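See structure below.
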Amino acid sequence: MPDRPLALVTGASRGIGRGIAVRLAEEGHDIALCYRFGKDAAEETRQAVQAAGARCFADRCDVTDAGEVEQFVAAAEAALGPVAVLVNNAGITRDNPLVLMPPEDWNEVIATNLTGTYHFTHSVAFGQMKRRNGVIVNVSSVAGVYGSATQTNYAASKGGVNILTRSLSRELGRYGIRVNAVAPGFIETDMTQDLSEKVRKKALETIPLRAFGEVAHVADLVAFLVSDRAAYITGQTVQVDGGYSQ
Ligand code: NAI
């Protein structure tokens, strides 16, 4: 493996993706990151990654577009070498009760969270198989484990990610590639900033640790799963949620 193996993190302009990118840079990886919106925010992530001593390739790439993903992976690998670690983090919500959910909101969430994970994995995994080396971590959600009212699209996409993770671990284990998912509960980011006070209060009551999580809690778990300390762990969805369960 190169001195600083390349970790590719999707959706890393802000939030959990940014936290993971910076944490993996601190752990000794070079970083490739993509985002859909937020060029300036992505530039801030790049600076934080570089301040941690890593080289960084950052560009806009829509995970729902197979062609853009292929081009992004080719450009990142040309710049920084083969992708040793893939973190599929890009994700969105479009919440509504199912009967009020327009098809566009169903399709966009599935296309981003589930199909986007497929696109990046499809572009990266064959190279990892040839090198007989690689780690994939998918950022899922507790909604994909327990379900979540008004989030049928989101929960279905993340449930799909969880079983994709398990299935792929069965396919790729023989090539020395580990595939795991992390399932965060409520983490303080821009995504959860939009929740109403009522929803936040109710959520707190269901969390045994009585606190929302921080980006660092997720980033630390991802860093562990990526590292050799997790060398015998694959096919798992690990919850990082303060004990939340419903
Ligand atoms: P965020 O909204 O702060 O950031 C999302 C990132 O994904 C941004 O960089 C955005 O540009 C990128 N993105 C969105 N659509 C994209 C697309 N089509 N192509 C490329 N990039 C795209 O979200 P946050 O909170 O940081 O969430 C990150 C991941 O963690 C998501 O997969 C989310 O579902 C998951 N998660 C978050 C929780 C939370 O409480 N914040 C809880 C459970 C899971």
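This is a predicted model, so every value here is computed, not measured.
Classified by interplanar angle (parallel below 30°, tilted 30° to 60°, perpendicular above 60°), the ring pair Phe186/Tyr244 is perpendicular.
Checked for salt-bridge contact, Glu197 and Lys201 miss the test: no charged N lies under 4.0 Å from a carboxylate O. Salt-bridge formation is not detected for the pair Glu205/Lys202: no Lys NZ or Arg NE/NH1/NH2 atom is positioned less than 4.0 Å from an Asp or Glu carboxylate oxygen. Remark: Arg60 engages Glu68 in a salt bridge, criterion side-chain N to carboxylate O under 4.0 Å. In summary, Arg23 and Glu27 engage in a salt bridge, as defined by a charged side-chain N under 4.0 Å from a carboxylate O.
Minimum interatomic distance between Ser140 and Lys158 (heavy atoms only, all atoms of both residues): OG-O, 3.5 Å. Residues Ala7 and Leu24 come closest through the heavy atom pair CB-CD1, 3.9 Å. For Ser123 against Val69, the heavy-atom pair with the smallest separation is OG-CG1, 3.7 Å. Nearest heavy atom pair, residue Ala230 against residue Arg178, reads O-NH1, 2.9 Å. Looking at every heavy atom in both residues, His29 comes nearest to Val226 through NE2-CG1, 3.7 Å. Looking at every heavy atom in both residues, Arg46 comes nearest to Cys56 through NH1-O, 3.4 Å.
In this structure a side-chain-to-backbone donor-acceptor pair under 3.5 Å is present from Thr234 to Val179. Distance alone, capped at 3.5 Å, is enough to place a donor-acceptor pair between the Gln128 side chain and the Ala84 backbone. Under the 3.5 Å distance criterion, the side-chain polar atoms of Arg36 are left unmatched by any main-chain donor or acceptor of Ala90. A donor-acceptor pair under 3.5 Å is formed between the side chain of Ser227 and the backbone N or O of Phe224. The main-chain N or O of Thr10 is found under 3.5 Å from a side-chain atom of Asn89 such that the two form a donor-acceptor pair. A donor-acceptor pair is defined here as one N or O able to donate and one able to accept, closer than 3.5 Å; no such pair exists between the side chain of Asp241 and the backbone of Pro184. Judged by distance alone, with hydrogens and angles left aside, the side-chain atoms of Arg18 form a donor-acceptor pair with the main-chain N or O of Ser13 at under 3.5 Å. When atom types are taken as modelled, the side chain of Asp105 and the backbone of Asp95 share no donor-acceptor pair closer than 3.5 angstrom. Checking side-chain atoms of Asn180 against main-chain N and O of Ile233 turns up a donor-acceptor pair under 3.5 Å. Looking only at distances, a side-chain donor or acceptor of Thr45 sits under 3.5 Å from a matching main-chain atom of Ala12.
Side chains of Arg94 and Glu108 form a contact here, defined as non-hydrogen atoms less than 4.5 Å apart. Residues Phe212 and Thr192 have side chains not in contact (no heavy-atom distance under 4.5 Å, counting atoms from C-beta outward). Within the 4.5 Å cutoff, the side chain of Val161 has no heavy atoms near those of the Ser157 side chain. Side-chain contact between Leu6 and Phe57: absent, with no pair of heavy atoms (C-beta onward) separated by less than 4.5 Å. A 4.5 Å side-chain heavy-atom check between Asp59 and Cys34 finds every atom pair outside the cut-off.
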task: Take Val109 and Thr93 through the side-chain contact (heavy atoms from CB on, under 4.5 Å) test and state the conclusion after the steps.
output: CA-CA 6 Å; Val109 168; Thr93 52; 5.8 Å; no
task: Would you check, one step at a time, whether the test side-chain contact (heavy atoms from CB on, under 4.5 Å) holds for Arg14 with Thr189?
output: CA-CA 8 Å; Arg14 65 183 201 181; Thr189 67; over 6 Å; no
Stepwise side-chain contact (heavy atoms from CB on, under 4.5 Å) check, Val83 with Glu77: CA-CA 7 Å; Val83 176; Glu77 293 199 321; 3.3 Å; yes
task: Under the side-chain contact (heavy atoms from CB on, under 4.5 Å) rule, what do Ser148 and Tyr154 come out as? Steps first, then yes or no, please.
output: CA-CA 8 Å; Ser148 175; Tyr154 183 75; over 6 Å; no
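A single hydrophobic cluster is not seen to contain both Leu80 and Leu33; linkage of ILVMFWY side chains at heavy-atom distances under 4.5 Å, directly or through other members, places them apart. Under a hydrophobic clustering in which Ile, Leu, Val, Met, Phe, Trp and Tyr are joined whenever their side-chain heavy atoms come within less than 4.5 Å, directly or via other members, Leu225 and Ile31 fall into the same cluster. Ile16 and Val142 are members of different hydrophobic clusters when ILVMFWY side chains are connected at heavy-atom separations under 4.5 Å. If you chain together hydrophobic residues whose side chains sit under 4.5 Å apart, Val222 and Val215 fall into the same group. Connection of Val240 to Val9 is established within a shared hydrophobic cluster, with ILVMFWY side chains joined at heavy-atom distances below 4.5 Å, either directly or through further cluster members.
In this structure, Val99 shares a hydrophobic cluster with Leu100, the cluster being traced through Ile, Leu, Val, Met, Phe, Trp and Tyr side chains under 4.5 angstrom apart.
Counting non-hydrogen atoms of other residues, nucleotides and ligands closer than 6.0 Å to CZ of Arg229 gives a total above 12. In this structure, Asp228 places its CG atom where only 12 or fewer heavy-atom neighbours from other residues, nucleotides or ligands lie under 6.0 Å away. In the displayed structure, Arg170 atom CZ is contacted under 6.0 Å by at most 12 heavy atoms of other residues, nucleotides or ligands. Shown here is Tyr118, whose OH atom has no more than 12 heavy atoms of other residues, nucleotides or ligands within 6.0 Å.
A distance of 10.0 Å separates CD of Gln236 from OG1 of Thr165, quoted to the nearest 0.5 Å. Atoms OG1 and CG, on Thr115 and Asn113 in that order, are 9.0 Å from each other to the nearest 0.5 Å. Taking CG of Asp30 as the reference point, atom CD of Gln50 lies at 10.0 Å (rounded to 0.5 Å). Annotation: the span from Asn88 atom CG to Thr121 atom OG1 amounts to 4.0 Å, rounded to 0.5 Å. The CD atom of Glu43 sits 8.5 Å away from atom OH of Tyr35, with the distance rounded to the nearest 0.5 Å. Atom CG of Leu164 and atom OG1 of Thr237 lie 10.0 Å apart (nearest 0.5 Å).
In this structure, a donor-acceptor pair under 3.5 Å is absent between the side chains of Thr117 and Asn138.
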